[in-house]
2 protein chains.
Amino acid sequence: MKNSAVTSSRVFLLEDDQSLGVTLTERLHKEGFDVKWARSIGEINKQELANTFDLLILDVGLPDGSGFEVGKEIRSTSDVPIIFLTAQSSAEDRLRGYEIGAEEFIPKPFHLRELFLRVRHVLRNHPRSQKLTLADVTVDFASLSVERSNGDGDLTKEKLNAKEARVLRLLIERSPSVVSRDELLDRVWGVNEYPSNRTVDNVIVRLRQLLGPIAGQKIVSVRGIGYQWVQS
Amino acid sequence: MKNSAVTSSRVFLLEDDQSLGVTLTERLHKEGFDVKWARSIGEINKQELANTFDLLILDVGLPDGSGFEVGKEIRSTSDVPIIFLTAQSSAEDRLRGYEIGAEEFIPKPFHLRELFLRVRHVLRNHPRSQKLTLADVTVDFASLSVERSNGDGDLTKEKLNAKEARVLRLLIERSPSVVSRDELLDRVWGVNEYPSNRTVDNVIVRLRQLLGPIAGQKIVSVRGIGYQWVQS
DNA sequence: CGTTAATTGTCATGGTTATGTCAGATAATG
DNA sequence: CATTATCTGACATAACCATGACAATTAACG
């Protein structure tokens with residue numbers, strides 16, 4: 001299938017039906033998404049939902065409550081896009097969903113393909129916060145560019161390539177954890193690629209150059225383990 | 001109303017039901033849209049639909065044919081956003097609508113408020129530019145023409161074909177984001193079309209030629225990802 | 001504190017792969 | 001049938017990025 005993001009989007013799925021949950025999780029994963037699945041409201045951490053996912057897919061009818069309530073609560077603190085799944089779909093239900101601020105509303109039963117089309121539609125129109133500003137540099141992941149005010153006040157603008165962008169993003173997302181070389185290789189290069197061990201360093205070198213002497217120091221190497229993005 | 005652009009958005013409505021047609025026309029007008037209403041397929045001018053509206057709302061069940069067919073035809077030459085209205089809404093119907101490239105699919109009966117929420121949602125995410133002027137060229141998307149002052153002062157006028165126009169428009173709308181080849185293929189060629197890899201490039205080549213040496217440079221390729229329209 | 005081994009930093013280089021470009025084939029259009 | 005639009009395949013070009021050599025740094029140990 002057609003899909004090529006800079007880094008995989010994180011999708012959260014709240015669905016009590018075991019069979020549908022398994023299927024969706026598997027298929028979304030295959031489509032290149034990073035999926036987390038919960039079966040009930042009790043399991044979820046709303047703080048996490050609001051802040052660490054690019055898309056929430058919420059079933060409305062759950063054993064321990066309504067997905068609408070979850071969505072409403074999330075929406076009060078975050079504008080992460082939400083897709084509701086629902087067994088009924090009266091005009092009232094849909095309106096309620098949209099008024100909560102859902103991006104999409106998909107009645108069951110649906111074809112998987114419909115869901116995927118909508119997921120991509122949503123993510124395409126709702127890019128994640130794509131900018132990082134820090135000291136004298138701004139990284140824009142949407143345009144893959146780095147702007148930096150160069151010592152004597154002039155602005156330089158350079159382009160990140162795809163791998164550099166993915167490495168940087170992964171480091172920032174994982175921060176403050178240390179990201180191992182192996183994980184970088186798996187996530188950025190792919191699980192079946194085994195380039196030499198200097199390869200990762202080279203990307204790091206270039207990133208440090210791009211970010212400049214100040215922000216560049218935020219990428220620190222952790223000997224024997226990997227690299228880490230340190231919050232100032 | 002949020003959508004207070006310099007000129008109001010032009011909305012086309014295809015709906016055979018007299019009462020619903022009157023209501024929608026009135027209410028959309030009240031919301032600040034410039035509405036044109038047709039009652040049957042026979043009445044419409046597809047060329048006009050494709051290029052001069054910001055949004056099409058098409059009823060699927062019509063006395064003289066299917067709104068799906070109209071949408072499909074339009075979609076082959078334009079990516080104007082489409083909302084389908086339909087009495088039935090099986091999973092198959094919705095999938096069909098989305099595969100045609102519809103932005104939204106609203107089953108009857110619906111609350112007016114639902115429709116308005118969706119209309120605004122679509123227009124917010126899908127701004128349409130009718131003209132582009134830049135350096136020595138002017139692109140008019142309504143007439144699909146490109147005018148350029150040729151080095152020694154004479155004006156050349158050439159025509160864009162439909163695909164060229166759609167690609168250009170998509171790049172500009174998404175700017176400064178990079179638009180992936182996959183998205184271009186999905187949006188311009190269709191979700192079930194997989195032409196060869198060089199196909200997209202060819203359109204880009206031609207666009208660069210049409211736009212000339214100055215404006216042509218605004219289309220930059222981002223290796224491994226896609227293309228990007230760079231501002232200034 | 002100094003020596004050594006291991007890890008990481010840096011850079012030039014060339015092979016590899018994606019893209020640019022064009023001519024001709026094919027399909028759509030009228 | 002003529003004309004235009006669109007796709008395909010071949011080749012040229014350019015960007016990328018993996019590699020390996022070597023320098024710099026760190027950790028460990030005596």
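Just so we're on the same page: letters track the sequence lines, and every chain starts at 1.
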Student: What nucleic acid atoms does Q209(A) come within less than 4.0 Å of, heavy atoms only: base, sugar-phosphate, or nothing?
Tutor: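 Answer is sugar-phosphate: Q209(A) comes under 4.0 Å of backbone atoms only.
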Student: Determine, for R96(B) against E69(B), whether the closest basic-nitrogen to carboxylate-oxygen distance falls under 4.0 angstrom.
Tutor: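 Between E69(B) and R96(B) there is a salt bridge, with a charged N closer than 4.0 Å to a carboxylate O.
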Student: Reckon V220(B) touches a base, only the sugar-phosphate, or nothing at all at heavy-atom distances under 4.0 Å?
Tutor: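 No contact at all - V220(B) keeps every heavy atom at 4.0 Å or more from the nucleic acid.
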Student: Is there, by distance only and without an angle test, a donor paired with an acceptor across the side chain of R223(B) and the base of dA14(D) below 3.5 Å?
Tutor: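 No, the side chain and the base share no sub-3.5 Å donor-acceptor pair.
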Student: Taking CG from L185(A) and P from dC17(D), how many angstroms apart are they, rounded to a whole number?
Tutor: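 Those two atoms, CG and P, are 14 Å apart.
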Student: From dG20(C), dC17(D), dA27(D), pick the nucleotide closest to the side chain of V205(B)?
Tutor: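 Side chain of V205(B) sits closest to dG20(C).
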Student: Take the protein atom CG of N197(B) and the nucleotide atom C1' of dG20(C), then report the distance between them rounded to whole Å.
Tutor: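 Atom-to-atom, N197(B) to dG20(C), this comes out as 14 Å.
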Student: Tell me the interatomic distance from K163(B), atom NZ, to dA5(D), atom P, rounded to whole angstroms.
Tutor: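 Atom-to-atom, K163(B) to dA5(D), this comes out as 12 Å.
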Student: OP1 or OP2 of dT19(D) versus the side-chain N and O atoms of S196(A): is any pair under 4.0 Å?
Tutor: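 For dT19(D), OP1/OP2 do have a side-chain N/O of S196(A) under 4.0 Å.
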Student: Check every strand shown and say whether V188(A) touches a base, only sugar-phosphate, or nothing at a heavy-atom separation below 4.0 Å.
Tutor: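 If one applies the 4.0 Å heavy-atom cut-off, V188(A) turns out to touch nothing in the nucleic acid.
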Student: Report which part of the nucleic acid R206(B) touches: base, sugar-phosphate, or nothing (heavy-atom distance under 4.0 Å, all strands).
Tutor: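 Nothing: the residue R206(B), judged by heavy atoms under 4.0 Å, touches no strand.
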Student: What nucleic acid atoms does S221(A) come within less than 4.0 Å of, heavy atoms only: base, sugar-phosphate, or nothing?
Tutor: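 Sugar-phosphate, backbone atoms only, no base.
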Student: Side chains of Q228(B) and S175(B): any donor to acceptor distance under 3.5 Å?
Tutor: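 There is no such pair (donor and acceptor under 3.5 Å, judged by atom type) between the side chains of S175(B) and Q228(B).
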Student: Kindly compute the distance separating CZ (R174(B)) from OG (S180(B)), expressed to the nearest 0.5 Å.
Tutor: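 It is 9.0 Å, given to the nearest 0.5 Å.
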Student: Rounded to whole Å, please give me the gap between CD1 in I204(A) and P in dT7(C).
Tutor: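 Taking CD1 of I204(A) and P of dT7(C), I get 18 Å after rounding.
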Student: Atom CZ of R208(A) to atom C1' of dT8(C): distance rounded to whole Å?
Tutor: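 Taking CZ of R208(A) and C1' of dT8(C), I get 9 Å after rounding.
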Student: Return the value, rounded to whole Å, for the distance between atom CG of L207(B) and atom P of dT21(C).
Tutor: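 For the pair L207(B) CG and dT21(C) P, the rounded distance is 12 Å.
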Student: Nearest whole angstrom, please: distance from the C1' of dT19(C) to the CZ of R181(B).
Tutor: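 Rounding to the nearest Å, CZ of R181(B) and C1' of dT19(C) are 7 Å apart.
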Student: Tell me the interatomic distance from N202(B), atom CG, to dG20(C), atom P, rounded to whole angstroms.
Tutor: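 Spelled out: CG on N202(B) to P on dG20(C) is 10 Å.
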Student: Are side-chain N/O atoms of Y98(B) and R113(A) paired as donor and acceptor at under 3.5 Å?
Tutor: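 No, no side-chain donor-acceptor contact under 3.5 Å.
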Student: Taking 4.0 Å as the cut-off, does a side-chain nitrogen or oxygen of T199(A) come that near to OP1 or OP2 on dT19(D)?
Tutor: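 Answer yes for this pair, as a side-chain N or O of T199(A) is under 4.0 Å from OP1 or OP2.
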Student: Give a yes/no on whether any side-chain N or O of Y194(B) is located under 4.0 angstrom from OP1 or OP2 of dT8(D).
Tutor: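 Negative; the distance criterion is not met.
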Student: Could you please name the option among dC7(D), dT26(D), dT19(C) that lies closest to any side-chain atom of W189(B)?
Tutor: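 Side chain of W189(B) sits closest to dC7(D).
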Student: Can you tell me how far the CH2 atom of W229(B) sits from the CG atom of L168(B), to the nearest 0.5 Å?
Tutor: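 Atom-to-atom, W229(B):CH2 and L168(B):CG are 5.5 Å apart.
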